[in-house]
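Each residue takes its place number in the sequence, starting with 1.
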Amino acid sequence: SVPTGGGTPAGAGAIDPEHRTAVALPVAAIKSLLGVIQRSKATTMMGLQEDLRGATEEMMTFATENPGSLQLLGGRSHIALASGCELFMKYVTRAYLELPDFAACIAQVLERGERFAGISLAARDRIAEVGQAFIQDGQTVLTHGWSRVVSNLLVKAAEHRHFSIVVLEGRPDAAGAKAAKVYADAGIPTTVVLDSAMAYAMESVDLVIVGAEGVVENGGIVNKMGTYGLGIAARELGKPFYVAAESYKFARLYPLNQSDLPTMGHAAQLNFVDTASWEMTGGLVGKAPVNTDEDGKVDASSVPGVVQFKPNQIKVKNPPCDYTPAKYITLLFTDLGVLTPSAVSDELI
């Protein structure tokens, strides 16, 4: 029952240039749970809910404990997956309360559930509609990482306004650099800067727009590592910090700090490359012969420019996401409209 769809993972290949065909992770989770209902032998709502809870636990266990989840989640957190499962469970319960006949309830859930895939695209279009009004001609927008929602908003805004984009590179998967190609292909003047240059770049931009892995109860967000620092820099320099996210990413979490975030699962192993030296060698990576192990994987130590450590000499931490408190967020662009961070808790009730 673990979904294997969901588009190209962030670090596993090219981004869909139309950014409309990929299925969002919460929607993939919902479609998987629809499959559970279709195959379930339960004859009561209690039995069906038990099957759905079992499938949800299986997906969450895979996402948090299995190394294979790196490809499923695309280097992201599992919060969006949990939000999709929780949303669907609430929907099934509400449907049963409205239609107590079990067979009729299941038929209605299956019929309406098939529309959830369309909800993802409709939500992005609605967010683009409400968010693009906040971008004016001649402005410069700073963004971080790859977000289907943000890219849809910016590309649609560029149809009516002339502005430029600054994108943080998005280490370790170069998500920002890949997103920059999408924006450039859409005809938007785009500049890529180092993640570490976010405060430097902030002086020359007019506003910040980021996506979110999850929007938590207190109005803060969980998003790609570096978003928190971006929020601090934006507030310090008086730049509006906007978040574009679908309402199905609203999560019943209330983190107080970074250590309060749920376990993010397996992080990708990192190698560090001296890109300046790589450039000086004429780009030998990919041209010079490199060593591979018995599984065909490249031995990173044989790649020019790789910084080598002795075994167990250095600890490397690579958390995929951080938590940005609500006080750094100006407004949220959602399919429910433009919300203040304090309004999120009302929507979750």
Nearest atoms (heavy-atom pairs only) where D51 meets K41: OD2-N, 4.5 Å

message: Any salt bridge linking K90 with E86? Criterion: basic side-chain nitrogen under 4.0 Å from a carboxylate oxygen.
response: yes

field: Nearest heavy-atom neighbours spanning A95 and C105
entry: C-SG, 3.7 Å

- prompt: In Å and rounded to the nearest 0.5 Å, what is the SG to OH distance from C321 to Y228?
  reply: 15.5 Å

- request: Please answer whether the main-chain N or O of E57 pairs with a side-chain N or O of T61 as donor and acceptor at a distance below 3.5 Å.
  value: yes

statement: The reported gap from CG in L52 to OG in S40 (rounded to nearest 0.5 angstrom) is 7.5 Å

- prompt: Does L110 belong to the same Ile/Leu/Val/Met/Phe/Trp/Tyr cluster as V36, with side-chain heavy atoms less than 4.5 Å apart forming each link?
  reply: yes

statement: Rounded to the nearest 0.5 Å, the CE atom of M225 sits from the CZ atom of R171 at a distance of 13.0 Å

- prompt: What are the two closest non-hydrogen atoms of P240 and T330, and how far apart are they?
  reply: CA-OG1, 3.5 Å

message: Quick one about Y96 and D101 (side-chain donor to acceptor, distance below 3.5 Å, no hydrogens or angles considered), yes or no?
response: no

- prompt: So among N218, N257, N223, D260, which one has a side-chain hydrogen bond (donor to acceptor under 3.5 Å, both in side chains) with Y323?
  reply: N218

query: Between atom CG of L237 and atom OG of S204, what is the distance when rounded to the nearest 0.5 Å?
result: 10.0 Å

query: So, D137 side chain and H162 main chain: donor-acceptor pair closer than 3.5 Å or not?
result: yes

- request: Any chance you could lay out the side chain to side chain contact (heavy atoms under 4.5 Å, CB included) test for L331 and I329, step after step, and finish with the verdict?
  value: CA-CA 6 Å; L331 292 169; I329 298 170; 6.0 Å; no

- prompt: Do V149 and L153 come within less than 4.5 Å of each other through their side chains, counting heavy atoms only?
  reply: no

query: Would a 4.5 Å heavy-atom cut-off, applied to side chains only, mark T140 and I165 as touching?
result: no

task: Return yes when atom CD of Q136 has more than 12 non-hydrogen atoms of other residues, nucleotides or ligands closer than 6.0 Å, and no otherwise.
output: yes

message: Test side chain to side chain contact (heavy atoms under 4.5 Å, CB included) on Q49 and T93; report intermediate values, then the result.
response: CA-CA 8 Å; Q49 288 177 325; T93 301; 3.1 Å; yes

- request: Looking only at non-hydrogen atoms, find the nearest pair between S342 and D346 and report the distance.
  value: O-OD2, 4.3 Å

- prompt: So, do Y328 and I232 sit near enough that their side-chain heavy atoms are less than 4.5 Å apart?
  reply: yes

query: Looking at side-chain heavy atoms only, is the closest gap between V222 and L261 below 4.5 Å?
result: yes

message: Hydrophobic clustering (ILVMFWY, side-chain heavy atoms < 4.5 Å, transitive) - are I135 and I127 grouped together?
response: yes

field: Residues D195, K224: salt bridge by 4.0 Å N-O rule
entry: no

- prompt: Taking the side chain as C-beta and beyond, is there a heavy-atom pair between V167 and Y183 under 4.5 Å?
  reply: yes

message: Quick check: closest heavy atoms across S151 and W146, and the distance to 0.1 Å?
response: OG-CH2, 3.5 Å

message: Quick one, L336 and R126 - any side-chain contact, counting heavy atoms below 4.5 Å?
response: no

Residue from V208, L168, V210 passing side chain to side chain contact (heavy atoms under 4.5 Å, CB included) with T227: V210

Side-chain touch L142/L207, heavy atoms, less than 4.5 angstrom: no

task: For atom NZ of K239, decide whether the heavy atoms of other residues, nucleotides or ligands shown that lie under 6.0 angstrom number more than 12.
output: yes

Note: E50-R53 ion pair, threshold 4.0 Å (strictly below): no

- prompt: So, do K156 and D125 sit near enough that their side-chain heavy atoms are less than 4.5 Å apart?
  reply: yes

statement: Separation between CD1 (I188) and CZ (R161), nearest 0.5 Å, reads 12.5 Å

- request: Identify whether V192 and V166 are in the same connected component of the hydrophobic contact network (ILVMFWY, side-chain heavy atoms under 4.5 Å).
  value: no

Polar contact flag, side-chain donor to acceptor under 3.5 angstrom, E246-T334: no

query: Nearest heavy-atom pair of F241 and L230: which atoms, and what distance?
result: CE1-C, 4.0 Å

statement: Rounded to the nearest 0.5 angstrom, the CD-CE distance for E169 and M198 is 10.0 Å

- prompt: More than 12 non-hydrogen atoms from neighbouring residues, nucleotides or ligands closer than 6.0 Å to CD on Q313, yes or no?
  reply: yes

query: What about L99 and F102, same hydrophobic cluster or not, with Ile/Leu/Val/Met/Phe/Trp/Tyr joined at side-chain heavy-atom distances under 4.5 Å?
result: no

- prompt: Is there a donor-acceptor pair under 3.5 Å between the side chain of H160 and the backbone N or O of Q132?
  reply: no

message: Checking E217 against F250 for the side chain to side chain contact (heavy atoms under 4.5 Å, CB included) test, could you report, in this order, the C-alpha distance in whole Å, the side-chain angles of both residues, the deciding distance, and whether it holds?
response: CA-CA 7 Å; E217 288 187 67; F250 288 10; over 6 Å; no

field: CA sep, side-chain torsions, deciding dist, call: T56, F88, side chain to side chain contact (heavy atoms under 4.5 Å, CB included)
entry: CA-CA 10 Å; T56 297; F88 187 73; over 6 Å; no

